[in-house]
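To keep things clear, I will list the structure first and then write my remarks on it.
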Amino acid sequence: MIVSESKVNYSVDVCVVGGGLAGLFAAVSAARHGAKVLLMQDRPVLGGNASSEVRMWVRGAVASGKENRETGLIQELEMENIYRNPTMNYSLWDSVLYQLATNEPNLTLLLNTSCLGVEMCGEKIASVTGWQLNSYTFHTVEAKLFIDASGDSVLAPLSGAKYRVGREGKSEFNEYAAPQTADRCSMGSSVLIEARETDHPCTFIKPEWAYTYPDDESMYLKNHDIVGTDVNFWWIELGGEQDTIHDAQAINEELLRVAYGVWDHIKNQGDHGMENWELEWVGFLPGKRESRRYEGAYMLNQRDLEEGHIFPDAVAFGGWTMDNHNPKGFKFMGYSSKHITPAAPYQIPFRSLYSINVPNLLFAGRNISATHMAMSSTRIMGTCSVVGQAVGTGAAVAIAHGCLPADVTEKYIHELQTLLLEDGCFIPGLLRQPTGTAKPQLLAEDLTVLENGWERPHNGVTNTIVLPEGLTINFTQPVKALRLALDPDFSRESISDEKRYQKFAMRAHIHWPEKRVSMPANLLRACTVTARTADGTESVIPVTDNRQIVLNLPLPENTVSVTLTDLMAWGDEEVRVFSIDAAK
Ligand SMILES: Cc1cc2nc3c(=O)[nH]c(=O)nc-3n(C[C@H](O)[C@H](O)[C@H](O)COP(=O)(O)OP(=O)(O)OC[C@H]3O[C@@H](n4cnc5c(N)ncnc54)[C@H](O)[C@@H]3O)c2cc1C
């Protein structure tokens, strides 16, 4: 007997399992491109390791230079978060993620639903089933395509899709930083600590079950200087020598004993200058770095990243170092990560994003088809985000053509790349082609900047112009929407004086006085668009509190010209723009 017979069935185009940033962006992008999508997520909140349940900050290729910042949906999310959540509060962040999913009419969201079963039809997945914890209900989802963004590749053992665990040996992919022989070790899992600065002394009584670290010897090379470095305790890491899936609960409880012991060390074992700090939060849900990785049509490896391999099917990019942790984690007496610099930005091919043997299965996030070494870079959430958007858009292209992901590589890769560029994503080596139909009344040198295809700074050149008040744009043929690629300040210096918030606007700890972030100074906030149709009819379209970086403004049918007046930026006199065009 089981506790409930309650069952609900769905039939969709694309089913995404796992609602971390990769899964969320895969689902939203597929839905925006016309596919009927269901997103199944086992937690009550979205965001995976970035959610309030884990609180890992989003990092990305921007670490290798501000010009390499990820764009597309991750940028849209960050802008909405800065607008709605200037104090970087995690509950508001959860709500921003939730809104992104629930705003999509084509997207059904199933929270608290853990995927645990698969029905196959030949080589393909026919349906997946999840158990919803709070409603005691089984949800079965039939779909044409499935995207596994669960981190743990839950669909791999259930479907028979090929996958790997552990580290490749040096010789398999000619990776000098890999171990001599393959093993089953991985990077570990961590719980994070968030602290709050107050204006009064705070005490801390350690739980009896937590460890004691009486001196700095026991914390050798484990940076716990919150005030000086804002460290988020990523190094409270264990489980790399265990099975990070099946030993997860034991690893979890051991991590809690360490985490509370570390806080006790900071508060009670020696003077750390933390008298007025109190414990705000400890993550009872660990963040996982590594478990199963899929084998796709191509396995990205260390050499590809270091040598900047060019792929004809490039759809995303990375740029974080290969940040390879020692499997001993916290127990390693030293700094537990080794960094190898890749050629940043490096390309990620579409072939690394779908299964080699289950033809209707794609994946996004830390589980893509990459060796352990390459994954030590691609696992970073900025990269997972752009990969998620590429996979979701690729799935929508496949649905539109009634084909499989491998056919997209063969026949429709240009279409996929064009859609991603139109949506503001960056693919190194490719530039967006302007439509050529928009003719802004500007000097030739400004038009050259607008039409050069760059929608980000490059080689120290801003690639922006100042949008002049009263600008008229004529169109050589009637258009339905105006596309403006706006400047979100790739340096982020205008959103905060604090370097830590200029990377991605989320906090590790709550400093006193409370810090706030602002919208980018030169981003368009408001304007009035006057549109004229071929028969001379004028319509006025107000834009208010804009947070979009790629603003696709719908225009009346047969618009032949627009004029932009009442321009207002978020924090400066000037609105800066990369391109002005008709939407394709
Ligand atoms: C301690 C730590 C420090 C890190 N440091 C950084 C950093 O500084 N910056 C950075 O950008 N990245 C960092 N990373 C890496 C990054 O967090 C992960 O690689 C990234 O979150 C992977 O994204 P994902 O979407 O694949 O997986 P996740 O973020 O793990 O999301 C997967 C989601 O799927 C859900 N799920 C799992 N199984 C199922 C199922 N059966 N059914 C339904 N849903 C399921 C999970 O609950 C989760 O919400 C760190 C990771 C850890 C653990």
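One is the number of the first residue; the rest follow in order along the sequence. All values derive from a computational prediction rather than experimental measurement. Keep in mind that the numbers below use all heavy atoms, side chains included, and drop hydrogens, waters and symmetry copies. Indexing begins at 1, ligand by ligand and atom by atom, following the structure's order.
Close approach to Val58 involves these atoms of ligand 1, each under 4.0 Å from a residue heavy atom: 11 (O). Annotation for ligand 1: atoms under 4.0 Å from non-hydrogen atoms of Ala22 are 25 (O). Listed by number with element, the atoms of ligand 1 under 4.0 Å from a non-hydrogen atom of Ile380 are 9 (N), 10 (C), 11 (O), 12 (N), 13 (C). Ligand-side atoms of ligand 1 in range of Thr113: 42 (N), 43 (C), range being under 4.0 angstrom from any heavy atom. Every atom of ligand 1 is numbered from 1 in the order shown, and the set under 4.0 Å from a heavy atom of Gly365 is 26 (O). Near Lys288, meaning under 4.0 Å from any of its heavy atoms, are these atoms of ligand 1: 53 (C). Taking a cut-off of under 4.0 Å to the non-hydrogen atoms of Cys384, the atoms of ligand 1 that pass are 22 (C), 23 (O). Listed by atom number, the atoms of ligand 1 under 4.0 Å from Ser190 heavy atoms are 1 (C).
Here's the thing with Arg289: none of its N/O atoms is less than 3.5 angstrom from an N/O atom of ligand 1. Checked by distance only, ligand 1 and Gly382 stay at 3.5 Å or farther apart across all their nitrogen or oxygen atoms. Taking distance alone, with nitrogen or oxygen atoms compared against 3.5 Å, Arg43 stays at or beyond that limit from ligand 1. The N/O atoms of Leu192, backbone and side chain alike, include none that comes under 3.5 Å of an N/O atom in ligand 1. For ligand 1, none of its N or O atoms has an N or O atom of Trp234 under 3.5 Å away. Close N/O approach between Trp57 and ligand 1 is found [any backbone or side-chain N/O within under 3.5 Å].
Contact between Tyr501 and Ser496 at its shortest, heavy atoms only, is CD1-OG, 3.7 Å.
Counting only heavy atoms of the protein, atom 5 (N) of ligand 1 lies nearest to Met56 SD, 3.2 Å. When hydrogens are left out, the protein atom nearest atom 49 (O) of ligand 1 is Gln41 NE2, 2.9 Å; that is the closest non-hydrogen contact. Among protein heavy atoms, atom 33 (C) of ligand 1 sits closest to Gly20 N, 3.6 Å. For atom 16 (C) of ligand 1, the nearest non-hydrogen atom of the protein is Arg379 O, 3.5 Å.
Using a cutoff of 4.0 Å between basic side-chain nitrogens and carboxylate oxygens, Asp323 and Arg379 are scored as salt-bridged. Comment: Glu237 engages Arg289 in a salt bridge, judged by a side-chain N to carboxylate O separation of less than 4.0 angstrom. Using a 4.0 Å cut-off between a side-chain N of Lys or Arg and a carboxylate O of Asp or Glu, Lys288 and Asp152 qualify as a salt bridge.
The closest approach between Ala149 and ligand 1 falls below 4.0 Å for a heavy atom of the residue. Ligand 1 has at least one atom lying under 4.0 Å from a heavy atom of Ser114.
With Phe490 as the aromatic partner, Arg456 does not meet the cation-pi criteria of under 6.0 angstrom to the ring centre and within 45 degrees of the ring axis. The cationic group of Lys162 does not satisfy the cation-pi geometry with Tyr294, failing either the under 6.0 Å distance to the six-membered ring centre or the 45° limit from the ring axis. For the pair Arg55 and Trp57, the NZ or CZ position fails the cation-pi test of under 6.0 Å to the six-membered ring centre and within 45 degrees of the ring normal.
The residue among Asp323, Leu285, Val191, Asn49 with a heavy atom at the shortest distance from atom 28 (P) of ligand 1 is Asn49.
Residues Phe311 and Tyr346 place their aromatic rings such that the two centres sit no closer than 6.0 Å.
No more than 12 heavy atoms of other residues, nucleotides or ligands sit less than 6.0 Å from atom OH of Tyr220.
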Exercise for review: Could you go through the salt bridge (Lys or Arg N to Asp or Glu O under 4.0 Å) check for Glu254 and Arg257 one step at a time?
Suggested key: CA-CA 5 Å; Glu254 183 68 358; Arg257 289 188 274 273; 2.9 Å; yes
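Note that CG of Asn326 is 9.0 Å distant from SG of Cys185, once rounded to the nearest 0.5 Å.
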